[in-house]
Amino acid sequence: MGQQTQTTPTKKPHQTLVFAVNGERFELSELDPSTTLLEFLRSQTSFKSVKLGCGEGGCGACLVLLSKYDPVQDKVDDFTVSSCLTLLCSVNGCSITTAEGVGNSKDGFHPIQERFSGFHASQCGYCTPGMCVSLYSALINADKTDRTGLCPGFSKLTVSEAEKSIAGNLCRCTGYRPLVDACKSFAADVDMEDLGFNSFWKKGESEDVKLSRLPPYNCNNATHVFPEFLKAVIKAGFDLESEGCRWYSPGSLEQLQSLLQTDEVNDGTSMKIVVGNTGMGYYKELGHHNKYIDLRYIPELSIISKDQTGIKIGASVTISKAIEALKDENDGGINQEGKLVFEKLADHMERVATGFVRNSASIGGNLIMAQRKHFPSDISTILLSVDTMVDILTGHGHETITLEEFLGRPPLVSHSVLLGIKIPCWKSRRDISSKTYTKLLYETYRAAPRPIGNALPYLNAAFLAEVSLCKKSAGIVLNNCRLAFGAYGTKHSIRVRNVEEFLSAKLLNFGLIYEAIKLLESTIIPEEGTSSPAYRTSLAVGFLFEFLSPLMNSYTDISKLWFDGYNSDLLSNGSKIKQNCDQFNQIKSPTLLSSAKQVIQLNEDYHPVGEPLTKVGAVIQASGEAVYVDDIPSPRNCLHGAFIYSTEPLARLQGIKFKPGSSPHGVSTVISFKDIPGENIGAQTIFGSESLYADELTQCAGQRIALVVADTQKNADMAANLAVVDYDKKNLEPILSVEEAFEKCSFYEVPHLLNPEPVGAFSKGMAESDHQILSAEVIIILHCCLSLMLTGFRCEFQIWLKLGSQYYFYMETQTALAVPDEDNCIVVYSSCQCPEFAHDTIAKCLGVPSHNVRVITRRVGGGFGGKAVKAIPVATACALAAYKLHRPVRMYVNRKTDMIMAGGRHPMKITYSVGFKSNGKITALKLDILVDAGMSADISPVMPHNIIGSLKKYDWGALAFDIKVCKTNLPSRSAMRAPGEVQASFIAEAIIEHVASSLALEVDSVRSINLHKFETLKLFFKTCAGEPLEYTLPSIWDKLAISSNFYHRTEMLKEFNRCNKWRKRGISRIPIVHPVMLRATPGKVSILRDGSIVVEVGGIELGQGLWTKVKQMTAYALSLIQCAGTEELLEKVRVIQADTLSLIQGGFTAGSTTSESSCEAVRLCCNILVERLTALKERLEEQMGPVKWETLILQAYMISVNLSANSLYLPDFSSMQYLNYGAAVEINLLTGQTTILQTDIIYDCGQSLNPAVDLGQFLASSTGSQSNWFKSTFRTGTPASSRSNRSNWPIEGAFVQGIGFFMLEEYSTNSKGLVVAEGTWSYKIPTVDTIILRFVVLHLYSVVGSTVVASGEPPLKLAASVHCAIRAAIKEARQQLHSWGGLDEPYSTFQLQVPATMPVVKELCGLENVQRFLQWTIGSKQLDSAGGTV
């Protein structure tokens, strides 16, 4: 008999929903059944740690721990769920724990939160509560296990489990490594030396000391406590009715059938069947349902039973529970081969979605989505390959059919329900009489942008085969097989029966595999409209080849494995088959990230400046107590807004109405340009303004047309989705490309001061060259094109490069709250990087004096430039609605709308001509660049300045350019981290790569020969070049080669590529020269009566640690008064939120320089205060000796000393910095998957104001750095040089964002320019499984360190080296393909587009590389009838 588990027997339903949140009891008898747990927590409780990041279950910002008590087994099941998808009605009898419940400032912080803070793992902090909950769940569940032999202070968690605990959570700031380090610090098997920079211990301290300094964790006392009052709650479902909507929880199939039959008359249009509701994350709901049916309380649907015939899984069983059942060691009489199949199924399921989605999503729900809506399901594919049966309840009763038949039927009607599945237990047949030896082989495959989940696959596959070792034929016979494929652009997963029949009962050889692959190619054909169709077909070919080719080995090797004992997959360490199979496998480390070490020399001369203090507010960010704009409690009678946007790029607006038959709930009004009392202005910069709403004419798809105002954000969003806009497009031709803009001379004017000057004489440089690459006719093929024609020493190329856009993907979307105030005034809370500009825009739009407007910004949940200009229309729209309606209005823009309106990074088209010597030295370069600025200027006129400034990192001899900033009917592009500069980094390296390939030279030598000498540096940068000793780039370039073992690794890489056919590696190093300009910044310091200090600055806390650095600077500068107690001033300083009426001229927080300029503004204020206090201090010392700080301040108050000082820091010149970088990558030639093996950076920069904030966010091997800036500034008291300090932003976070731009992130649009990448399903930022395995940073102390500034932009630009390394690996693959006769064009001549996604990489490596290899192998007669060796 097999084991069987099921839910608690159903009891009589009750009418009250009872649950707990952080131990607090909630009992509800009325609520809208569509209410999500997140909506309830954020609107009806004080717990705001759950954040709405995506609304799709794809980011982890909204995670909570859900605990269920099982009275039968007397145990609690704890798991994470996405509260944005979990319906509140589904948590009856459950306990919910948010980040506040894990730990908080009142009851004490949990070690998780303290360690996240101490490892500097929280920057903007918006994602941090969700991260903490993920780790908390992992700790709780690990500590429930029976693992023994643990060291005190550690949990039962392993390093691998710790890393994977946050694998489903997204973060845009940190680059993940500090987060992983904080998680790993709890792991029992962690090597403390592997943990990154932190505030707990210093380098060289012993393991025991390190452990003693960590916030203590005791696994014996860490068990999560389930509230006792919930254990008495009946665990049955309940029925609930609220305003015509009903929630049903049937306890039997009979009750379910009755409910379904009564709904038949409505054809199911208003009914929703619920288990985990995770399908809502993919299929968005645009309307309301009036009936919800919860299936979780029907015993037959919750069953799990296992016996020797197989395993039965009920339809409402979650994917996580199914995985547990498949891996259950209590086998129920299942044979070894059957266990193998179950384990492989479970392993594949663990790569589906994320852990917190799998905890809610049901097996049945996944299959129903695949059957009804053609969801690209992994589960349907793998279950199809093992002959799974399904049980269906229809109006006629039960029906058991194969999964294949189920998927092929018309969509299941609403009154039919999937009850469960049966996975058979597999075993091979043993035919002793035929003297053959039979084994069962099973493998599953998927190719997706993220290796371990949270991404839909391009294609998935699963293969089950029975093979026999035949002595007579000295080879392997494929007796039969089942080959399933899915998710490739087909309605549902399929079995390729024609290929199965062709392979069955045949002796395996390469000729047979080749014929099977040709047959497969003609079968796996994606439907029209599927992206990358040829790539998906090539994946199918590659996976089948990977499955079968390891069996093509010598008879001796195979038979030895066969007779040595059971081996499930014929792969053992050291065997040729194992070596052969390893050819295909990407790096499979037990952990996601490798280790590194860190040594940072700290400067203690100016305490507390320069010390690695924990970022201000980090621990309350971890506990979820940090307040963001959307966390501010809604004022009474508050309304909510949602934008209606245009779906046409250029059209006349005829009117707006709601869809016929729809009745939007709770809508108050719709506001358009007609309601604006002042100017129709939504944003402004020094270059011009952008309308708040389109007037008679829309200018782009995604432009704001109107604002729906409703009683809740959900109702506002739904109403906006129901809006129908009437357009007239007659005689209007939109400009949708830079080419069209060029033809129509549609350009923005670039101010003379921002127009860079050419360098040298281009014609003279070209005349001096030995070779030339000349721009000619453009051939457009996808994103790049290239043709080559050699004529003597002159090379004429037709070149066209194109760079796409990138979305900010801040975790907190655009948000604002506007509250009307007395006397025609208004207060606006905005998540904005430039409140000053928002202030001015709102005043103009409302037609009121600026003193009637106040804009307040406390902190921003991620910006990257996207919260600068693009945040202003959101604040203005809320202000206008509040002003008109005389009620508070707030808005939290949903992720889809945010992505459609954001604009993002500037796309551009580049054409170039270049002349060069035979040794690779470039003599002249001319660039023609068309920049897509969109419908309004925004900050786009600065692009020529930024592009050329970054391009000047190389000595081009002579540099000429023509850069046009194009006005198009597309969303306005705005500043995004390193605007124009990251594109320029790619352009420069693309040109260098092109020159090297045309000369057949090593690209590294071409880079080296084109590095600046100081004379050419002065020619290109003029006065900014500084003095000769300040130019350290050549020495850094050489130092990088030594510190990273560049040349040795290059030789190892070549050897690796010689030994591996299906994996290739590449390495690259690139230089960076980054010009930096600082802006004027205000500051204000006030000393209160008790000696505490309040500081205001123009800069906004975005997560970069600005407040922390300002606190440190304030404490240092005021300590110069030199009275008792000033050494403790740091704890007396508080930096408060930005208020545009309290501190004016705040400007922009951008460019990664605002922290330093804010600190200088504060230092100037403190100097004034110290000067005012000095005379009083001296008098008091004469009277009473040493004076305490508190006494001094009290006396100053008594004699009315002005203890508040303002300043405006005005920088006097700009500065530069120099960095270098090297990267190594590995690509899989069958899938195009890229793994970044190692990154090495050398950073020459000034002393950090806080290395914990700046540098503690990465895993590094580094030496300390110093700067004369502190000496010249603090000792003399003179104004600080604008070449002062290191970046505000952490290195790895910016670098990983660059990885996203160059490798992953496709910000795609339709033919009208409307963004179609609308959320986490289609837009993939880097995750913990896609970042660098090993990250090494070396910080240098330059003798003249005061002349360099490091910022967050350079690491982003440095990510271009990953792109270059991928290109190098592809070149190796193409050379191999060329040797197989599969490449007609020169293998070294190609362009690698941005982003270099898996389809792009695979296409350049050869979509038919498997076929070419097989043809080459067969043709070269390396096979015999028994098989051969790959």
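Position 1 is the first residue of the sequence; numbering continues from there.
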Student: Looking at Asp770 and Ser918, what are the two nearest heavy atoms and their distance?
Tutor: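 Taking Asp770 first and Ser918 second, the nearest heavy atoms are OD2-N, 3.0 Å.
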Student: Between Ser1008 and Asp1004, is there a donor-acceptor pair closer than 3.5 Å when you use the side chain of the first and the backbone of the second?
Tutor: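 Yes, the answer is positive, given that a donor and an acceptor are paired below the 3.5 Å cut-off.
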Student: Quick one: pull up NZ in Lys1371 and CZ in Arg1367 and give me the separation to the nearest 0.5 Å.
Tutor: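 It comes to 7.5 Å.
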Student: So, the side chain of Gln806 versus the backbone of Gln1297: is there a donor-acceptor pair under 3.5 Å, distance only?
Tutor: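 Yes; at least one donor-acceptor contact below 3.5 Å.
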Student: Check Val1006 against Gly920 and note the closest heavy-atom contact, atom names and distance.
Tutor: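 Closest pair (atom of Val1006, atom of Gly920, distance): CG1-O, 3.8 Å.
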Student: Checking Asp191 now: which residues fulfil salt bridge (Lys or Arg N to Asp or Glu O under 4.0 Å) with it, not counting sequence neighbours?
Tutor: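 Asp191: no salt bridge (Lys or Arg N to Asp or Glu O under 4.0 Å) contacts found.
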Student: Kindly say whether Gly765 contributes a backbone atom to a donor-acceptor pair with the side chain of Thr923 at under 3.5 angstrom?
Tutor: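 It does hold such a pair.
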Student: Would you kindly say whether Asn1057 and Glu1055 are connected by a side-chain donor-acceptor distance under 3.5 Å?
Tutor: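 No donor-acceptor contact under 3.5 Å links the two side chains.
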Student: Taking only residues two or more places apart in sequence, or in another chain, which ones meet Lys1064 in a side chain to side chain donor-acceptor pair (under 3.5 Å)?
Tutor: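 Expected list: Gln1376.
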Student: Can you tell me if Thr1235 uses its side chain to pair, donor with acceptor, with the backbone of Leu1237 under 3.5 Å?
Tutor: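 Answer holds: no.
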Student: Quick one: does Ile910's side chain get under 4.5 Å of Asp928's, heavy atoms only?
Tutor: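 No, too far: nothing below the 4.5 Å cut-off.
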Student: Can you see which heavy atom on His120 is nearest to which on Ser199, and at what distance?
Tutor: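 Closest approach of His120 to Ser199: NE2-N, 3.6 Å.
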Student: When you measure from the centre of the six-membered ring of Phe864, is the NZ or CZ of Arg977 under 6.0 Å away and within 45° of the axis?
Tutor: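 No, cation not above the ring by the 6.0 Å, 45° rule.
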Student: Identify the two heavy atoms, one from Ile948 and one from Pro756, that lie closest to each other, and give their separation to 0.1 Å.
Tutor: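 The pair with the smallest heavy-atom distance is CG1-CG, 3.6 Å.
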Student: Would you say His1074 and Ser950 are linked by a side-chain donor-acceptor pair, where the criterion is simply a distance under 3.5 Å?
Tutor: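 Not at all, the side chains of Ser950 and His1074 share no donor-acceptor pair under 3.5 Å.
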Student: Which heavy-atom pair separates Leu1011 from Pro1071 by the least distance, and what is that distance?
Tutor: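 So the two residues come closest at CD2-CG, 3.6 Å.
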Student: Please verify the inter-ring angle class for Phe119 with Trp201; under 30° counts as parallel, over 60° as perpendicular, anything in between as tilted.
Tutor: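 The rings of Phe119 and Trp201 stand perpendicular, inter-plane angle above 60°.
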Student: Do Thr1330 side-chain atoms and Pro1326 backbone N/O form a donor-acceptor pair below 3.5 Å?
Tutor: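 Checked: no pair found.
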Student: Taking C-beta and beyond as the side chain, do Arg1063 and Ile1227 meet within less than 4.5 Å on heavy atoms?
Tutor: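 Not touching, per the 4.5 Å side-chain cut-off.
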Student: Only one of His1363, His994, Arg1007 clears side chain to side chain donor-acceptor pair (under 3.5 Å) with Glu989; which?
Tutor: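 For Glu989, the side chain to side chain donor-acceptor pair (under 3.5 Å) test succeeds with only one of His1363, His994, Arg1007, which is Arg1007.
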Student: Can any side-chain N or O of Arg1374 pair as donor or acceptor with the backbone N or O of Ser1388 at less than 3.5 Å?
Tutor: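 Pair absent, no side-chain N/O of Arg1374 close to backbone of Ser1388.
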Student: Please work out whether the ring planes of His771 and Phe916 are parallel, tilted or perpendicular, with thresholds of 30° and 60°.
Tutor: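 Aromatic pair His771/Phe916 classed parallel.
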Student: Quick one: side-chain contact (heavy atoms from CB on, under 4.5 Å) partners of Ala988, sequence neighbours excluded?
Tutor: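 Leu951, Lys953, Tyr954, Trp956.
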Student: Taking all heavy atoms of Ser998 and all of Ile773, pick out the closest pair and write down the distance.
Tutor: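 Minimum heavy-atom contact is OG-CD1, 4.4 Å.
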Student: Looking at Glu1292 and Arg177, does any basic side-chain N land under 4.0 Å from a carboxylate oxygen?
Tutor: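 Here Glu1292 pairs with Arg177 in a salt bridge, since their nearest N and O are under 4.0 Å apart.
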Student: Would you say Gln983's side chain and His906's backbone share a donor-acceptor pair under 3.5 angstrom?
Tutor: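 Yes.
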Student: Are any of the side-chain nitrogens in Lys202 or Glu205 under 4.0 Å away from the carboxylate oxygens of its partner?
Tutor: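 Glu205 and Lys202: not salt-bridged.
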Student: Report yes or no: does His1012 contribute a side-chain atom to a donor-acceptor pair with the main-chain N or O of Pro1034 at less than 3.5 Å?
Tutor: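 The answer is no, because no donor-acceptor pair under 3.5 Å joins these two groups.
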Student: If you count the non-hydrogen atoms of other residues, nucleotides and ligands that lie under 6.0 Å from NZ in Lys917, is the total more than 12?
Tutor: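 Yes, the 6.0 Å shell around NZ holds more than 12 heavy atoms from other groups.
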Student: For Asp1240 and Arg1049, what are the C-alpha separation, side-chain angles and deciding distance, and is it a salt bridge (charged side-chain N to carboxylate O under 4.0 Å, His left out)?
Tutor: CA-CA 12 Å; Asp1240 296 84; Arg1049 285 164 59 191; 2.8 Å; yes
Student: Please determine if Glu1372 and Arg1065 form a salt bridge, counting it only when a charged side-chain N lies under 4.0 Å from a carboxylate O.
Tutor: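 Answer for the salt bridge query: no.
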Student: Would you compute the distance between atom CD1 of Ile1242 and atom OG of Ser1043 and round it to the nearest 0.5 angstrom?
Tutor: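 So the CD1 of Ile1242 and the OG of Ser1043 are separated by 4.0 Å.
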Student: Determine the sole option in Asp1038, Leu1040, Ile1067 for which the side-chain contact (heavy atoms from CB on, under 4.5 Å) test with Phe1046 is passed.
Tutor: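 Filter result, single survivor: Ile1067.
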Student: Between Glu1305 and Arg172, does any side-chain N to carboxylate O distance fall below 4.0 Å?
Tutor: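 A salt bridge links Glu1305 with Arg172.
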Student: Does the pair Lys921/Asp955 count as a salt bridge with the N-to-O cut at 4.0 Å?
Tutor: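 A salt bridge links Lys921 with Asp955.
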Student: Evaluate the side-chain proximity of Val1336 to Arg1334: yes if any heavy-atom separation is below 4.5 Å, no if none is.
Tutor: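 Side chain of Arg1334 against side chain of Val1336, heavy atoms only: contact under 4.5 Å found.
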Student: Is there a donor-acceptor contact under 3.5 Å from the side chain of Ser985 to the main chain of Lys1357?
Tutor: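 It does hold such a pair.
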Student: Where the side chain of Asp181 meets the backbone of Gly196, is there a donor-acceptor pair that is under 3.5 Å apart?
Tutor: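 Between the backbone of Gly196 and the side chain of Asp181 there is a qualifying donor-acceptor contact (under 3.5 Å).
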